[in-house]
Undergrad: 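Before I ask anything, let me first share the structure, which is written out below as structure tokens.
Position 1 is the first residue of the sequence, and the numbers go up from there. Values below: every heavy atom of this structure, side chains too, minus hydrogens, waters and symmetry copies.
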Amino acid sequence: MGTQGRKNVHGKGGVRFKAAYTSSKYKAMLRNVVTELIVHERVVVTAGIAKDVKNLAEKMVTKAKAGDLHNRRLAAAVVRNNVFVDADKKVSALDKLFAEIGPRYKERNGGYTRVLKMVPRRGDNAEMALVEFVK
């Protein structure tokens, strides 16, 4: 016999709140944000998400520095297949990562991104942060 009272999504009893994200939704959101970071080279997110985006972006740059087919396929599993217009030509985010961003940090051992704290978001006062690639 099941429990009485409040239930969450999976029918477990006695749970007060539902989780905001499932792990798959969170992983998909990180993939989207890292792809936007690669395309625009800076992105504004909440402070908690900024830490995870920084870690994932640094791993992608390390793979791009190696530049071989194996690392390209590993990076392609994370980076979205977005095509954007850059100087009147169509470029994918993965191509930009391996053609521009990876070679830029060839001599650098880590620390490819920085996180700068910003003013809190107006609507809900969440801590915001700017994640960008180091020049």
Side-chain angles (χ1 to χ4, degrees):
M1 182 162 187
T3 58
Q4 298 290 325
R6 292 178 178 259
K7 294 181 177 67
N8 70 353
V9 174
H10 303 293
K12 304 289 186 192
V15 176
R16 204 71 174 138
F17 300 103
K18 295 180 187 176
Y21 280 106
T22 60
S23 61
S24 60
K25 288 180 184 177
Y26 194 76
K27 184 178 176 183
M29 182 265 307
L30 286 179
R31 289 180 63 191
N32 291 334
V33 174
V34 168
T35 303
E36 288 299 310
L37 177 63
I38 291 168
V39 170
H40 301 293
E41 300 199 9
R42 61 176 34 198
V43 66
V44 178
V45 292
T46 59
I49 293 169
K51 294 175 185 177
D52 292 337
V53 168
K54 178 181 164 75
N55 288 338
L56 190 56
E58 301 245 346
K59 289 176 184 176
M60 293 301 107
V61 173
T62 302
K63 289 181 189 329
K65 280 174 55 177
D68 58 346
L69 181 61
H70 177 66
N71 283 305
R72 189 178 189 94
R73 287 179 176 166
L74 290 175
V78 174
V79 176
R80 298 281 185 196
N81 193 14
N82 291 1
V83 176
F84 64 98
V85 178
D86 184 34
D88 297 331
K89 62 180 180 179
K90 290 185 177 181
V91 181
S92 73
L94 191 65
D95 290 338
K96 181 174 180 180
L97 177 65
F98 277 80
E100 294 177 28
I101 297 173
R104 185 190 311 168
Y105 299 113
K106 204 66 168 171
E107 301 299 318
R108 191 178 182 106
N109 294 326
Y112 315 116
T113 58
R114 74 167 59 107
V115 177
L116 301 171
K117 289 188 178 180
M118 299 176 66
V119 295
R121 187 163 54 197
R122 186 168 179 211
D124 59 357
N125 206 29
E127 286 186 45
M128 299 301 287
L130 171 74
V131 183
E132 64 182 0
F133 285 114
V134 175
K135 299 294 182 216

Undergrad: Could you pull out the closest heavy-atom pair between Ala64 and Gly102, with the gap in Å?
TA: CB-CA, 3.8 Å
Undergrad: Consider only side-chain N and O atoms of Thr113 and Glu132, and report whether a donor and an acceptor are under 3.5 Å apart.
TA: no
Undergrad: Quick one, Thr46 with Met128, criterion side-chain contact (heavy atoms from CB on, under 4.5 Å). Give me CA distance, side-chain angles, the key distance, then yes/no.
TA: CA-CA 4 Å; Thr46 59; Met128 299 301 287; 3.8 Å; yes
Undergrad: Please name the pair of heavy atoms, one in Ala99 and one in Pro103, separated by the smallest distance, quoted to 0.1 Å.
TA: O-CG, 3.4 Å
Undergrad: Of the options Ile49, Val78, Asn55, Val45, which is the one that meets Leu30 in a side-chain contact (heavy atoms from CB on, under 4.5 Å)?
TA: Ile49
Undergrad: For the atom pair CG (Leu97) and NZ (Lys65), what is the distance rounded to the nearest 0.5 Å?
TA: 12.0 Å
Undergrad: Roughly how far apart are Leu94 CG and Ile101 CD1, rounded to 0.5 Å?
TA: 10.5 Å
Undergrad: Rounded to the nearest 0.5 Å, what's the gap from OG on Ser92 to CG on Asn81? Could you check?
TA: 6.0 Å
Undergrad: Please evaluate residues Lys135 and Glu41 with respect to the criterion salt bridge (Lys or Arg N to Asp or Glu O under 4.0 Å), reporting the C-alpha separation (whole Å), side-chain torsions for both, the decisive distance (0.1 Å), and the verdict.
TA: CA-CA 10 Å; Lys135 299 294 182 216; Glu41 300 199 9; 3.6 Å; yes
Undergrad: Might you confirm whether atom CG of Asp68 has over 12 heavy atoms from other residues, nucleotides or ligands at distances under 6.0 Å?
TA: yes
Undergrad: Is a donor from one side chain sitting under 3.5 angstrom from an acceptor on the other, for Thr35 and Asn32?
TA: no
Undergrad: Indicate yes or no: at least one non-hydrogen side-chain atom of Val79 is less than 4.5 angstrom from one of Arg31.
TA: no
Undergrad: Please examine the side chains of Leu69 and Arg73, heavy atoms only from C-beta on, and report whether any two atoms are closer than 4.5 Å.
TA: yes
Undergrad: What heavy-atom pair brings Lys63 and Asn71 nearest, and what distance separates the two atoms?
TA: O-CB, 3.5 Å
Undergrad: I'd like to know whether Arg104 forms a side-chain contact (heavy atoms from CB on, under 4.5 Å) with Phe133, so could you lay out the CA-CA distance, the side-chain angles of the two residues, the decisive distance to 0.1 Å, and finally the verdict.
TA: CA-CA 10 Å; Arg104 185 190 311 168; Phe133 285 114; 4.2 Å; yes
Undergrad: State plainly whether one hydrophobic cluster holds both Tyr26 and Met60, where clusters connect Ile, Leu, Val, Met, Phe, Trp and Tyr through side-chain heavy atoms under 4.5 angstrom apart.
TA: yes
Undergrad: Mark yes or no: Arg72 above the aromatic ring of Phe98, with NZ or CZ under 6.0 Å from the six-membered ring centre and no more than 45 degrees from the axis.
TA: yes
Undergrad: If only side-chain N and O atoms count, and only distance matters, is there a donor-acceptor pair under 3.5 Å linking Tyr112 with Lys54?
TA: no
Undergrad: Measure the shortest side-chain to side-chain distance between Val34 and Arg80 over non-hydrogen atoms and say whether it is less than 4.5 angstrom.
TA: no
Undergrad: Hydrophobic clustering (ILVMFWY, side-chain heavy atoms < 4.5 Å, transitive) - are Leu116 and Met118 grouped together?
TA: yes
Undergrad: Could you give the distance from CG (Leu37) to CZ (Arg42), rounded to the nearest 0.5 Å?
TA: 10.5 Å
Undergrad: How many angstroms lie between CD in Glu100 and CD1 in Ile38, if you round to the nearest 0.5 Å?
TA: 11.5 Å
Undergrad: Between Val39 and Ala93, what is the shortest heavy-atom contact and its length?
TA: CG2-CB, 3.8 Å
Undergrad: Do Tyr105 and Thr62 come within less than 4.5 Å of each other through their side chains, counting heavy atoms only?
TA: no
Undergrad: How long is the straight-line distance from CD of Glu36 back to CZ of Phe84, given to the nearest 0.5 Å?
TA: 10.0 Å
